[in-house]
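Predicted, not measured: the structure shown is a model, and the values here were computed from it. Within every chain, numbering begins at 1; the chains are lettered A, B, ... in the order of the sequence lines, protein sequences first and strands thereafter.
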Protein chains: 2
Amino acid sequence: MEDKVLRKLFLGFIHIHILHHAKESPIFGSWMLEELREHGYSIGPGTLYPILHSMESDGLLTREDRNVEGKIRKYYSITEKGEQILVEAQKKAYELFKEIKD
Amino acid sequence: MEDKVLRKLFLGFIHIHILHHAKESPIFGSWMLEELREHGYSIGPGTLYPILHSMESDGLLTREDRNVEGKIRKYYSITEKGEQILVEAQKKAYELFKEIKD
DNA sequence: TTTTCAATATCGCCCTTCGATATTAATACT
DNA sequence: AGTATTAATATCGAAGGGCGATATTGAAAA
């Protein structure tokens, strides 16, 4: 399957998407899963949640538990360090795009 | 170190760079190492060579041994499948860039 | 033959990804 | 009250990959 090949290429993209959305407004896991799916990234919960945890322990995201309609959700927001990383990613994504666009 | 964090984000970018350059003209390992370094990607030979091997066994690159000034180099060119993957990557890189640019 | 050098390959450790399954906590139903 | 249901999150073991350090290759120079 070339799915495996594509995933290898796009896992970093997924991390960047997460940072981007977490900057716009706090996100939670299953919403992010749906958002990524709409962008054409197929990824399961067993992959996403460990990624969120590692991004938190890497200091890119902070977690806050909220009670929404009786359900507890873990909302993740971007940290200052996360924003710095995102800026780096924006630069690199632009360079990559410029270089391969034609 | 946040180097580890950045590497996680950019490994896919590196794969795409490799595909792009292998399409322009055949590449070999140590040249690619230098090229990536100039683009700001720090990566060692112990990482790059296994990547080239896996991209070959995934059918994205083909290898051809050439004798250059008495030295044997392994030149990698892009395959048809590699070109298809690269097109996918271009689309996704453009979407990513569009989404996070501001 | 020995040294030197550029280029490539391999080693073992550790971490991550993955699909599948389990857990949690609150509501709806009978 | 007890059970089923549901959304959201967490965890499991297997498999694979990244990493730095080290080893190997092959040819030319000394």
Side-chain angles (χ1 to χ4, degrees), chain A residues 1-18 21-22 25-37 41-77, chain B residues 1-18 21-22 26-37 41-77 85:
Chain A
M1 305 295 127
E2 67 197 25
D3 269 4
K4 232 176 293 176
V5 174
L6 288 173
R7 255 195 302 236
K8 217 183 305 183
L9 292 186
F10 297 145
L11 250 182
F13 284 32
I14 287 173
H15 285 246
I16 296 171
H17 268 285
I18 293 172
H21 285 294
S25 65
I27 61 166
F28 60 98
S30 61
W31 179 86
M32 196 68 228
L33 276 175
E34 181 56 28
E35 177 74 14
L36 287 170
R37 200 162 290 124
Y41 299 105
S42 73
I43 180 177
T47 303
L48 179 64
Y49 286 107
I51 286 176
L52 290 176
H53 300 163
S54 79
M55 291 179 78
E56 186 191 5
S57 68
D58 284 342
L60 308 182
L61 300 175
T62 51
R63 185 170 71 180
E64 172 205 5
D65 294 10
R66 282 195 213 165
N67 191 308
V68 176
E69 294 169 359
K71 309 222 161 99
I72 291 180
R73 286 189 191 153
K74 315 296 176 65
Y75 277 86
Y76 293 90
S77 311
Chain B
M1 302 296 124
E2 66 198 26
D3 269 4
K4 232 175 294 177
V5 175
L6 288 174
R7 253 194 304 235
K8 216 183 306 184
L9 292 186
F10 296 145
L11 250 183
F13 285 31
I14 287 173
H15 285 245
I16 295 171
H17 268 286
I18 291 172
H21 284 294
I27 61 165
F28 60 98
S30 62
W31 179 87
M32 196 67 227
L33 276 175
E34 181 56 28
E35 176 75 13
L36 288 170
R37 199 161 291 123
Y41 299 104
S42 74
I43 181 178
T47 303
L48 179 65
Y49 286 107
I51 286 177
L52 291 176
H53 300 162
S54 79
M55 291 179 78
E56 187 192 4
S57 68
D58 284 342
L60 308 182
L61 300 176
T62 51
R63 185 169 72 180
E64 171 204 5
D65 295 10
R66 283 195 212 164
N67 191 309
V68 176
E69 294 171 1
K71 310 219 159 101
I72 291 181
R73 285 188 192 153
K74 315 295 176 67
Y75 278 86
Y76 292 90
S77 310
I85 299 287

Using whole Å, report how far [atom1] of [X] lies from [atom2] of [N].
| X | N | atom1 | atom2 | result |
| --- | --- | --- | --- | --- |
| Tyr41(A) | dT17(C) | OH | C1' | 17 Å |
| Glu56(A) | dT9(D) | CD | C1' | 13 Å |
| Ile72(A) | dT23(C) | CD1 | P | 18 Å |
| Arg66(B) | dA27(D) | CZ | P | 17 Å |
| Glu34(A) | dT9(D) | CD | C1' | 17 Å |
| Lys4(B) | dG17(D) | NZ | C1' | 16 Å |
| Ile43(B) | dC19(D) | CD1 | P | 6 Å |
| Leu48(B) | dA9(C) | CG | P | 10 Å |

Output yes when at least one side-chain N/O atom of [X] is less than 4.0 Å from OP1 or OP2 of [N], else no.
| X | N | value |
| --- | --- | --- |
| Ser54(A) | dT16(C) | no |
| His15(A) | dT17(C) | yes |
| Lys8(A) | dG16(D) | no |
| Arg7(A) | dG19(C) | yes |

Nearest to side-chain heavy atoms of [X], which nucleotide of [options]:
| X | options | result |
| --- | --- | --- |
| Tyr76(B) | dG20(D), dT8(C), dA9(C) | dA9(C) |
| Thr47(B) | dT8(C), dC19(D), dA10(D) | dC19(D) |
| Pro50(B) | dA9(C), dT10(C), dT9(D) | dT10(C) |
| Tyr49(B) | dT16(C), dA9(C), dT9(D) | dA9(C) |

Close side-chain approach of [X] and [Y], heavy atoms under 4.5 Å:
| X | Y | answer |
| --- | --- | --- |
| Lys8(B) | Asp58(A) | yes |
| His53(B) | Tyr76(B) | yes |
| Leu61(B) | Ile18(B) | yes |
| Leu11(A) | Leu11(B) | no |

When we call it a touch if two heavy atoms are under 4.0 Å apart, what does [X] touch: a base, just sugar-phosphate, or nothing?
| X | value |
| --- | --- |
| Gly29(B) | sugar-phosphate |
| Leu11(A) | sugar-phosphate |
| Ile51(A) | sugar-phosphate |

### Query
Taking for each residue the nucleotide of DNA chain D with the nearest heavy atom, is it Arg73(A) or Pro45(B) whose nucleotide lies nearer the 5' end?
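Its nucleotide being nearer the 5' end, the pick is Arg73(A).
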### Minimum heavy-atom distance Trp31(A)-His21(A), with the two atoms named
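Smallest heavy-atom distance, with atoms named: CH2-ND1, 3.9 Å.
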